[in-house]
Amino acid sequence: QVQLVESGGGLVQAGGSLRLSCAASGRSFRFYTMGWFRQAPGKEREFVASISWTAGSTAYADSVKGRFTIARNNDENMVYLRMNSLKPEDTAVYSCEAKDTTWSPPPYDGMDYWGKGTLVTVSS
């Protein structure tokens with residue numbers, strides 16, 4: 001079992017930056033693929049970024065490539081999403097999610113664990 005708690009969301013102006021954090025519990029965390037997903041109001045949930053258990057592999061949605069960076073610290077059971085050059089269309093609830101495999105590239109037909117999410121609002 002893995003429990004995930006996100007933090008770091010908030011209101012930011014377009015062009016600004018935020019860093020989201022995800023605190024994970026559970027001894028198996030280090031062996032999981034971790035990902036960030038988001039859901040904007042009235043839209044479907046979408047993949048943002050994912051990272052393998054050793055951080056040797058990462059994947060990004062085309063819409064965030066070059067602006068967002070995913071990272072993890074297995075010693076501290078943390079996953080991060082650094083978001084730069086934010087745009088109003090990045091406004092969404094961002095959730096941290098885990099898949100019970102060392103690396104699974106997108107697309108994902110489902111994740112095994114997820115947090116409640118943190119709201120990111122980008123004003124124009």
Derivation of the side-chain contact (heavy atoms from CB on, under 4.5 Å) call for V64 and M83 = CA-CA 8 Å; V64 307; M83 306 185 295; over 6 Å; no
Any heavy-atom pair between the side chains of [Y] and [X] that's under 4.5 Å?
X	Y	answer
P105	S50	no
F68	L81	yes
S123	L11	yes
Y60	T69	yes
V93	T118	no
K87	R67	yes
T91	V120	no
Y32	T102	no

Under 6.0 Å between ring centres, would you say that holds for W53 and F31?
->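 Aromatic pair counts; centres sit under 6.0 Å.
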Nearest-0.5 Å distance, [atom1] of residue [X] to [atom2] of residue [Y]:
X	Y	atom1	atom2	value
Q39	L119	CD	CG	12.0 Å
I51	T33	CD1	OG1	9.5 Å
L4	N77	CG	CG	10.0 Å
K99	D112	NZ	CG	5.0 Å

So E97 and R45, side-chain contact (heavy atoms from CB on, under 4.5 Å) or not? Walk me through it.
-> CA-CA 12 Å; E97 307 195 13; R45 171 176 164 277; 2.5 Å; yes
Sequence-distant partners of S104, side-chain hydrogen bond (donor to acceptor under 3.5 Å, both in side chains), two or more places apart =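 Partners of S104 by the side-chain hydrogen bond (donor to acceptor under 3.5 Å, both in side chains) criterion come out as none, since no residue qualifies.
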Exercise: identify the closest heavy-atom pair between [X] and [Y]:
X	Y	answer
R38	A92	CB-CB, 3.8 Å
S52	R72	O-NH1, 2.9 Å
S95	E6	CA-OE2, 3.3 Å

According to a 4.5 Å side-chain heavy-atom criterion applied to Ile, Leu, Val, Met, Phe, Trp and Tyr, with indirect links allowed, do Y94 and V12 form part of one hydrophobic cluster?
->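 In one cluster: yes.
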ILVMFWY cluster, Y80 and I70 together (side-chain gap under 4.5 Å) |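 Different clusters: Y80 never reaches I70 through Ile, Leu, Val, Met, Phe, Trp or Tyr contacts under 4.5 Å.
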Which other residues end up in the same hydrophobic cluster as Y108, if Ile, Leu, Val, Met, Phe, Trp and Tyr are linked when side-chain heavy atoms come under 4.5 Å apart?
->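 Besides Y108, the cluster holds F37, F47, W103, M111.
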Heavy atoms from other residues, nucleotides or ligands near CD of Q3 exceed 12 (cutoff 6.0 Å) |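 Atom CD in Q3 is not crowded, with 12 or fewer foreign heavy atoms closer than 6.0 Å.
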Has K65 got more than 12 heavy atoms of other residues, nucleotides or ligands less than 6.0 Å from its NZ?
->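 Counting other residues, nucleotides and ligands, NZ of K65 exceeds 12 neighbours.
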With E89, which residues qualify under salt bridge (charged side-chain N to carboxylate O under 4.0 Å, His left out), at least two apart?
->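 So E89 forms no salt bridge (charged side-chain N to carboxylate O under 4.0 Å, His left out) with any residue.
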